[in-house]
Amino acid sequence: MYYIPNFITEEEEKSIRHQIPANRWITLSARRLQAHPTTLSPKTSTLVLPTSPSPSSAPASSPLPAWLSAPILPRLAALSLFPASMSPNHCLINEYAPGQGIMAHEDGAAYHPFVATVSLASPIVLEVSGKQPQQQQQQQQRWRVLQEPRSLLLTTGAAYTETLHGISDGVQVDEGLDGAGVANWGLLGDRVVFEREGGRSTRATRVSLTFRRVRRVRHLGGSVLVQGRRT
Ligand SMILES: O=C(O)CCC(=O)C(=O)O
Ligand SMILES: [Fe+2]
């Protein structure tokens, strides 16, 4: 995992939050979410796009809306952690009210093994654990990753394939936020925020943007549209 504080500015954070469409939310019992450019088809995990693929000579275009892709995608590309051809083509936006979370899970094989998470609005602790069978849970490795607003967390390699991640629910105040309890303590942008509160952080609404590269993409190209007009 790579943690980079202040990956976006406060203005960019505000602008992105402002442009999240209010009519795209899917409300779940413990959070709400929306997918851009669209949800994957459920059986085949395919991203179906209305446009033709751009010719291979053209600069890689993103199916993500501009308010999500700029400035995040070029800044991600500049980290050189994945080739340009692997630039994210999908973004899930999750919103958690205080006390809401997401159960431990892995993101799975529908995506190339990296996810870039940009956090907005409020800090949150991501609980990461090794994928051990049930009987070995005592020895399970666990890490707590503190995600500050405007930070980037990049999960790839074994962190993507060999761990589960989640956010505890029913918690209004995250505690134990110090050098011993937080894996990325030394990388935080502003530790003082947490030190001042004695290692506590009262949750407020937090929004995450999770950028990924979907493996299976189907383009509904020109011929499909022409057929549509003929019928
Ligand atoms: O909100 C987060 O940081 C985690 C979201 C997540 O795990 C997911 O969308 O798969
Ligand atoms: Fe996830």
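First listed ligand is number 1; within each ligand, the first listed atom is number 1. No hydrogens, no waters, no symmetry mates; every other heavy atom, side chains included, goes into these values.
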Near N94 (heavy-atom distance under 4.0 Å), the atoms of ligand 1 are 5 (C), 8 (C), 9 (O)

May I ask you to check whether T9 and E13 show a side-chain donor-acceptor distance below 3.5 Å? no

Which ligand 1 atoms does S208 reach within 4.0 Å, using its non-hydrogen atoms? 1 (O), 2 (C), 3 (O)

With distance as the sole criterion, is a donor-acceptor pair present between the side chains of Y3 and E148 under 3.5 Å? yes

Just need the protein heavy atom nearest to atom 4 (C) of ligand 1, so name the residue and atom and give the distance. Y96 OH, 3.6 Å

Quick one: is the NZ or CZ of R212 closer than 6.0 Å to the six-membered ring centre of Y111, and within 45° of its axis? yes

Check each heavy atom of I124 against ligand 1 and say whether those closer than 4.0 Å belong to the side chain, the backbone, both or neither. neither

Compute whether any side-chain donor of one residue and acceptor of the other, for T202 and R200, lie under 3.5 angstrom apart. no

Suppose I only count heavy atoms of T117 and a 4.0 Å limit; which atoms of ligand 1 are within that range? 3 (O)

Is it the case that H90 and H36 place a side-chain donor and acceptor less than 3.5 Å from each other? no

Classify the side-chain pair R206/S119 by whether it contains a donor and acceptor separated by less than 3.5 Å. yes

Checking heavy-atom distances from atom 2 (C) of ligand 1 to each of R206, E106, R212, Q147, the winner is R206

To the nearest 10 degrees, could you say what angle the Fe ion (ligand 2) makes with OD1 of D107 and NE2 of H165? 100°

Under 4.0 Å from a heavy atom of H105: give me the atoms of ligand 1 that qualify, with their elements. 6 (C), 7 (O), 8 (C), 10 (O)

Name of the H105 atom (N/O/S only) found closest to the Fe ion (ligand 2): NE2

Between R31 and I102, is there a donor-acceptor pair closer than 3.5 Å when you use the side chain of the first and the backbone of the second? no

